[in-house]
Protein chains: 2
Amino acid sequence: MPSHPPFAVTVDLVILTVRAGRLLVLLVERGEQPYAGRLALPGGFVRPTEDLESAAYRELGEETGVTAGVHLEQLASYGAPQRDPRMRTVSVAWLALAPDLPEPVAGGDAAHAVWVEATEALGRNLAFDHANILADGIERARAKLEYTPLATAFCAPEFTVGQLRAVYEAVWGQALDARNFHRKVTGAPGFIVPTGHSTNVDGGRPAQLYRRGSLAVLNPPLVRPDSP
Amino acid sequence: MPSHPPFAVTVDLVILTVRAGRLLVLLVERGEQPYAGRLALPGGFVRPTEDLESAAYRELGEETGVTAGVHLEQLASYGAPQRDPRMRTVSVAWLALAPDLPEPVAGGDAAHAVWVEATEALGRNLAFDHANILADGIERARAKLEYTPLATAFCAPEFTVGQLRAVYEAVWGQALDARNFHRKVTGAPGFIVPTGHSTNVDGGRPAQLYRRGSLAVLNPPLVRPDSP
DNA sequence: ATAATAGTGTCTGTGAGACATTATACC
DNA sequence: GGTATAATGTCTCACAGACACTATTAT
């Protein structure tokens with residue numbers, strides 16, 4: 001037995017976005033064995049001289065065409081001995097949160113990429129252990145909206161309070177009180193800062209536009225309502 | 001370029017305990033190159049047929065002699081190309097929280113294991129990127145005490161409210177108000193449950209003994225006081 | 001008695017949840 | 001006018017922080 005047996009190391013990405021009030025995840029249809037024809041998270045092998053985070057950014061760019069303005073953080077690693085029937089593989093999973101991207105995808109590796117509603121994707125019999133990874137990614141995103149300003153990663157550079165609230169509602173899957181939400185996010189110093197502009201693209205009274213502030217941790221947090 | 005270059009995969013452990021009001025981490029003195037003679041986190045190579053979590057438990061047992069009653073959770077993975085000068089290595093780091101263990105260590109691999117105060121260990125010029133891993137582990141532990149009942153993992157099966165408070169004070173490095181703390185932990189349903197026994201080993205009035213309850217998430221959380 | 005720790009009680013300010021109301025656009 | 005969304009305001013209750021006080025042991 002060698003003291004350091006060979007492993008393959010991959011990165012897999014849970015890329016989430018919010019569009020039309022729904023939380024979507026980017027999946028690719030596998031063209032090769034194993035799991036040919038099944039949906040999977042985008043990902044690939046880490047190259048010999050490449051940092052893990054660089055590999056994640058590279059895959060993100062290959063699948064979406066965009067890396068700027070996308071939040072990326074490490075999620076967890078998955079390494080069950082038989083998780084890939086071809087060889088012993090450890091996958092380092094990453095969570096990416098992106099604003100509604102220009103076009104679903106285009107060309108290259110991403111030929112068969114599709115956006116699927118996140119909760120629905122969990123029931124789609126994903127390849128490998130990707131259902132587990134996706135579930136962990138969704139839960140991470142839901143939890144982090146509570147105590148970080150990360151919801152702004154789903155928004156355009158300038159956004160209204162109503163659009164920000166729509167992000168929370170889509171990710172958490174439940175409605176929030178618009179008035180209490182407005183008071184909370186505008187009252188937390190550094191969470192969002194007004195730009196002075198306004199918009200009325202959503203109909204109704206024009207809304208102030210905001211940019212994300214410098215706040216890193218939201219204290220006290222913005223907690224999810226009880227599930228029922 | 002092969003499509004899946006060979007990597008070595010290791011597990012490294014941040015094993016924390018609280019003793020005499022101090023947060024301690026278990027370190028080992030390296031006997032071999034690279035970094036011979038330097039302190040490092042305990043760890044080792046993942047075996048070909050072994051799950052990542054199993055490897056972490058195995059290393060935990062080899063270093064401490066104990067696995068039962070120890071909380072173990074995955075921390076993060078570290079894979080910078082030059083982090084190990086011997087070969088391309090990805091380390092999956094784990095965080096272990098243990099009650100004050102019977103004896104520091106004994107025999108076998110753990111011949112040179114030592115408990116070091118956690119904050120002090122950060123300045124000890126640890127091998128590899130272990131200072132980064134340790135810093136992440138300490139911060140994870142500090143954060144999780146806020147919203148989980150994980151502090152009980154540092155306690156014996158039966159403990160007093162004062163002992164539990166001492167854990168919080170050691171991990172957070174600041175004093176807490178004993179009266180507000182008592183009200184909070186006894187008032188959170190399912191956090192700790194009274195056993196009916198009492199003890200006076202700590203001097204003063206005898207204290208009620210408690211066991212950890214079934215609560216998984218502490219809501220509302222027990223927040224750290226502001227740093228200053 | 002003194003010291004030490006355990007446990008209970010009181011007051012106050014912050015802030016979340018539940019609502020009402022007004023403001024400003026488009027039709 | 002009606003309808004849509006934005007923004008502000010009010011009331012109440014839960015709870016954290018600050019701090020006083022009582023309880024029970026050991027020396």
Side-chain angles (χ1 to χ4, degrees), chain A residues 20-21 145-147 155 158-170 172 174-210 215 217-228, chain B residues 20-21 145-147 155 158-170 172 174-210 215 217-228:
Chain A
L145 288 208
E146 291 194 332
Y147 60 96
C155 295
E158 295 198 349
F159 52 87
T160 69
V161 174
Q163 288 164 354
L164 185 63
R165 178 168 47 85
V167 166
Y168 275 90
E169 293 179 332
W172 285 349
Q174 45 192 309
L176 301 176
D177 185 282
R179 300 154 298 188
N180 293 337
F181 182 87
H182 190 281
R183 178 184 54 188
K184 174 68 181 180
V185 298
T186 56
F191 187 178
I192 58 176
V193 297
T195 63
H197 312 145
S198 64
T199 181
N200 61 346
V201 294
D202 293 326
R205 171 177 169 179
Q208 297 282 351
L209 282 168
Y210 294 84
L215 186 74
V217 175
L218 194 58
N219 191 10
L222 182 52
V223 291
R224 289 178 260 191
D226 295 330
S227 302
Chain B
L145 289 208
E146 291 194 333
Y147 61 95
C155 296
E158 294 199 349
F159 53 87
T160 70
V161 173
Q163 289 165 353
L164 185 63
R165 177 168 49 84
V167 166
Y168 276 90
E169 292 180 331
W172 286 348
Q174 43 192 311
L176 301 177
D177 185 283
R179 301 156 298 191
N180 293 337
F181 181 86
H182 191 282
R183 179 185 54 189
K184 174 69 180 180
V185 298
T186 56
F191 187 177
I192 58 176
V193 297
T195 64
H197 312 143
S198 64
T199 182
N200 62 345
V201 295
D202 294 327
R205 170 175 169 180
Q208 297 281 353
L209 283 167
Y210 294 84
L215 186 74
V217 175
L218 195 57
N219 191 8
L222 182 51
V223 290
R224 288 178 262 191
D226 296 330
S227 303

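Convention: sequence-line order gives letters A, B, ...; per-chain numbering from 1. This one's a predicted model, so the numbers in the text were calculated from it and none came from an experiment.
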Please enumerate all protein N or O atoms sitting under 3.5 Å from an N or O of nucleotides 24-27 of chain D, with distances to 0.1 Å.
{"from": "D:dT24", "atom 1": "O2", "to": "B:Arg205", "atom 2": "N", "distance (Å)": "3.3"}

Is there side-chain contact between B:Leu215 and B:Pro189, with heavy atoms separated by less than 4.5 Å?
no
Show me the donor-acceptor pairs within less than 3.5 Å that the side chains of residues 198-210 of chain B make with the rest of the protein, sequence neighbours left out.
{"from": "B:Thr199", "atom 1": "OG1", "to": "B:Val201", "atom 2": "N", "distance (Å)": "3.3"}
{"from": "B:Asp202", "atom 1": "OD2", "to": "B:Gln163", "atom 2": "NE2", "distance (Å)": "3.4"}

Please report the distance, rounded to the nearest Å, between CG in A:Leu176 and P in D:dA6.
14 Å
Closest heavy-atom pair and its distance - B:Leu218, B:Phe191
CD1-CD1, 3.8 Å
How far apart are the C-alpha atoms of A:Val167 and A:Phe159, what are their side-chain angles, what is the distance that settles it, and do they pass the side chain to side chain contact (heavy atoms under 4.5 Å, CB included) test?
CA-CA 11 Å; A:Val167 166; A:Phe159 52 87; over 6 Å; no
Is there a donor-acceptor contact under 3.5 Å from the side chain of A:Glu169 to the main chain of A:Gly21?
no
Tightest non-hydrogen contact, residues B:Leu145 and B:Tyr168, listed as O-OH, 3.1 Å
Supply the atom-to-atom distance B:Arg165 CZ to B:Asp177 CG, rounded to the nearest 0.5 angstrom.
8.5 Å
Could you list the protein-to-nucleotides 8-11 of chain D atom pairs, N/O on both sides, closer than 3.5 Å?
{"from": "D:dT10", "atom 1": "O4", "to": "A:Arg183", "atom 2": "NH1", "distance (Å)": "3.4"}

In whole angstrom, give the distance that lies between atom CZ of B:Phe181 and atom P of D:dA18.
16 Å
Going by atom type alone, with no hydrogens or angles, which donor-acceptor pairs under 3.5 Å involve a side-chain atom of residues 181-188 of chain A and a protein atom two or more places apart or on another chain?
{"from": "A:Arg183", "atom 1": "NH2", "to": "A:Asn180", "atom 2": "OD1", "distance (Å)": "3.2"}
{"from": "A:Lys184", "atom 1": "NZ", "to": "A:Pro220", "atom 2": "O", "distance (Å)": "2.8"}
{"from": "A:Thr186", "atom 1": "OG1", "to": "A:His182", "atom 2": "O", "distance (Å)": "2.6"}

Write down the distance between CZ (A:Phe159) and C1' (D:dA6), rounded to a whole number of angstrom.
16 Å
Whole-Å distance, A:Leu209 CG to D:dT5 P, equals 17 Å
What is the distance from CG of B:Asn219 to P of D:dA14, rounded to the nearest Å?
15 Å
Residues that A:Asn219 engages under side-chain contact (heavy atoms from CB on, under 4.5 Å), provided they are two or more places apart:
A:Pro221
Taking any atom under 4.0 angstrom from a heavy atom of chain B, which nucleotides of DNA chain C are the first and last to qualify, 5' to 3'?
C:dA4 to C:dT10
